[in-house]
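See structure below.
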Amino acid sequence: MQYTDERCEILSNRQIADGIFDLTVKADYLAQNAGCGQFANILCGGLMLRRPISICDTDPKAGTARFVYQVKGKGTAWLSQQPAGASLQIFGPLGRGFSFIKKPAQVVLIGGGIGSPPMLKTAKTAAELGIAVHVILGFRSRQAVILEQDFKQVAQTVTVCTDDGSYGIHGFVTQALQPLLQQGVGCVMACGPTPMLKNVAGMCADTKTPCFVSLEERMGCGVGACMCCVCKIRVRGFSGYQQVCKSGPVFDGRSVVWYQTKPLESGQFDDAKAVRLAVFCDEQGYDPAAEFDELDAHAIHLAVYDGAKPIATGRVLPPEDGVCKIGRIAVLKPYRGRSVGRYLVEDLIEAARQQGANTIRVDAQVQAMPFYQKLGFESYGEEHLDGHIPHMYMERKL
Ligand SMILES: Cc1cc2nc3c(=O)[nH]c(=O)nc-3n(C[C@H](O)[C@H](O)[C@H](O)COP(=O)(O)OP(=O)(O)OC[C@H]3O[C@@H](n4cnc5c(N)ncnc54)[C@H](O)[C@@H]3O)c2cc1C
Ligand code: FES
């Protein structure tokens, strides 16, 4: 990674909306080397930790870089008071940004609030590559709208949404995204608040549209040395923590662990029950009296949560001769196709492994067989009915 610490003269630093400032600095290295979606660490007054701010735009000919930032605390308040002619110590460009290596014919770029600035350089980069750019911006209200005219200069369409309906579409960015996904777009890229990113990534997963999101975490060093900016990522079945500053801030939306899997304490069984009732009883017609059996009392139950809401569950029975059975795996309908079930089964397998299992068995509904085959399960025995639904026994050696 190529970065440098530059002393940069401030060319302008003006307020463009309530508490939001537009800063342009002379920064030759950044201007020549920054990619879209990257950020820089700005030294703010006497504060030890530099503040990460996304690179909104660059002009390589003029040797300038532009940042748009919101005053949040001490650092950004200090920054907002710096006049033209003063200088800033700026370290960058940092992180992995958005990539157009797989050049899609069209891209949808989404910016939520103060997540909009990095999408401007991204829009310009895409337009320069001949990619049709559709921009969706979301803000609280008309007063908070920023950069609309800048985006209009490069994008084919710019749709502004406001939470209170005071400007543009009354609603969230996801409302404007839905019709574009239905028409089919090559790729979606987004930066903004985490709930927005989670919903965008979920909608893209539902329509099998590639999606890349720029995450925001509190940062220390900005270069991968302090571990204070980690987020949970899953790649090919392995989950772990990655540094947002070094491996991100841009990640594939499918690899971010948006939903948290937790073992259920005894008092939380109602959470599992609610999901199983919705999926097995309301949707599939199983009798609630048969759905909950005495094995529940001996099993380890896991549940997946979207915030505080349980969205999926499954259980692991105690091992017998090294064999653990997993089952009662249920995912609420709106969350299917978003890797929730796959991650849950992987976590159930891990829970079984920790109990000493060397073999995992599942009695799979036949329509779920391809899903389990992808996870390494093989079928054995005869197809049989469990209630009114055909099932097949499947097994995976650990
Ligand atoms: C990769 C990246 C890119 C960013 N790009 C921009 C940008 O283009 N424009 C912009 O306005 N802001 C951006 N931010 C957020 C910005 O870094 C913080 O708002 C800033 O560091 C706050 O510093 P402060 O000294 O003003 O506030 P502090 O006194 O440090 O904190 C004030 C408040 O802001 C919250 N806060 C601080 N840092 C973060 C953070 N990283 N994420 C979420 N909340 C935070 C704190 O929890 C606290 O509530 C970005 C953050 C990251 C990680
Ligand atoms: S901020 Fe130090 S590792 Fe990311």
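All residue numbers refer to positions in the sequence shown, counting from 1. Just so you know, ligand 1 is whichever comes first in the structure, and atom 1 is the first atom listed for that ligand.
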Check whether more than 12 heavy atoms from other residues, nucleotides or ligands sit under 6.0 Å from atom OH of Y241, and answer yes or no. no
Should L277 and E283 be marked as a side chain to side chain contact (heavy atoms under 4.5 Å, CB included) after you check the CA-CA gap, both sets of side-chain angles, and the distance that decides it? CA-CA 8 Å; L277 280 172; E283 205 185 306; over 6 Å; no
Identify the closest protein heavy atom to atom 9 (N) of ligand 1: which residue and atom is it, and at what distance? V68 O, 3.0 Å
Check whether any N, O or S atom of C228 sits under 2.8 Å from atom 2 (Fe) of ligand 2. no
Validation row, ring centre F212 to ring centre F98 under 6.0 Å: no
Salt-bridge test for K124 and E128: reply yes if a basic N is under 4.0 Å from a carboxylate O, no otherwise. no
Does NZ or CZ of R234 fall inside the cone over Y343's six-membered ring, less than 6.0 Å from its centre and within 45° of the axis? yes
Going by the 4.0 angstrom heavy-atom rule, the piece of I20 near ligand 1 is neither
Among R7, Q82, E9, which residue meets the side-chain hydrogen bond (donor to acceptor under 3.5 Å, both in side chains) test with S87? R7
Mind checking whether atom 4 (Fe) of ligand 2 has an N, O or S of C229 under 2.8 Å? yes
Could you tell me whether a side-chain N or O of Q268 sits under 3.5 Å from a main-chain N or O of E265, the two making a donor and an acceptor? yes
By number and element, which atoms of ligand 1 are closer than 4.0 Å to a non-hydrogen atom of I114? 9 (N), 10 (C), 11 (O)
Rounded to 10 degrees, what angle sits at atom 2 (Fe) of ligand 2 between C226 SG and C221 SG? 110°
Flag G75 as yes when one of its N or O atoms lies below 3.5 Å from any N or O atom of ligand 1, and as no otherwise. yes
Which heavy atom of the protein is the closest neighbour of atom 26 (O) of ligand 1, given with residue, atom name and distance? T76 OG1, 2.4 Å
Got a salt bridge between D363 and R361, using NZ or NE/NH1/NH2 to carboxylate O under 4.0 Å? no
Option from Y393, F377, Y380 for which ring pair (Phe, Tyr, Trp, His ring centres under 6.0 Å) with Y372 holds: F377
Please identify which atoms of ligand 1 are closer than 4.0 Å to at least one heavy atom of F39. 1 (C)
Below 2.8 Å, can you find an N, O or S atom of C245 next to atom 4 (Fe) of ligand 2? yes
Considering only protein heavy atoms, determine whether one is less than 4.0 Å from atom 35 (C) of ligand 1. no
Between R328 and D293 (salt bridge meaning N to carboxylate O under 4.0 Å), is one present in this structure? yes
Output yes when K198 and D306 qualify as a salt bridge under the 4.0 Å nitrogen-oxygen rule, no when they do not. yes
Quiz item: cation-pi between R276 and F280, 6.0 Å / 45°: no
For atom 6 (C) of ligand 1, what is the nearest protein heavy atom, given as residue, atom name and distance? S54 N, 3.7 Å
Closest protein heavy atom to atom 14 (N) of ligand 1, given as residue, atom name and distance to 0.1 Å: P52 O, 3.4 Å
Only heavy atoms count here, so choose which of M219, R218, E216, K72 is nearest to atom 22 (C) of ligand 1. K72
Less than 4.0 Å between a side-chain N and a carboxylate O, is that true for K374 and E346? no
Measuring to protein heavy atoms, does anything land under 4.0 Å from atom 18 (C) of ligand 1? no
Please determine if R140 and D163 form a salt bridge, counting it only when a charged side-chain N lies under 4.0 Å from a carboxylate O. no
Heavy-atom nearest neighbour in the protein, as seen from atom 12 (N) of ligand 1, with distance rounded to 0.1 Å: I53 CD1, 3.9 Å
Proximal ligand 2 atoms for G224, defined as those under 4.0 Å from one of its heavy atoms: 3 (S)
Applying side chain to side chain contact (heavy atoms under 4.5 Å, CB included), run through L137 and F151 and close with a yes or a no. CA-CA 10 Å; L137 303 172; F151 279 107; 3.7 Å; yes
Option whose closest heavy atom lies nearest to atom 23 (O) of ligand 1, chosen from R51, K74, Q70, Q38: R51
Taking 4.0 angstrom as the limit and counting only heavy atoms of G222, give me the atoms of ligand 2 inside it, by number and element. 1 (S), 2 (Fe)
For A225, the ligand 2 atoms whose distance to one of its heavy atoms is below 4.0 Å: 3 (S)
For ligand 1, find out whether one of its N or O atoms is nearer than 3.5 Å to an N or O atom of Y69. no
I need the nearest protein heavy-atom contact for atom 41 (N) of ligand 1: residue, atom name and distance, please. E217 O, 3.2 Å
Contact check: P117 vs ligand 1, nitrogen or oxygen atoms, below 3.5 angstrom: no
Answer side chain, backbone, both or neither: which part of M227 comes under 4.0 Å from ligand 2, heavy atoms only. backbone
Under 4.0 Å from atom 29 (O) of ligand 1, do we find at least one protein heavy atom? yes
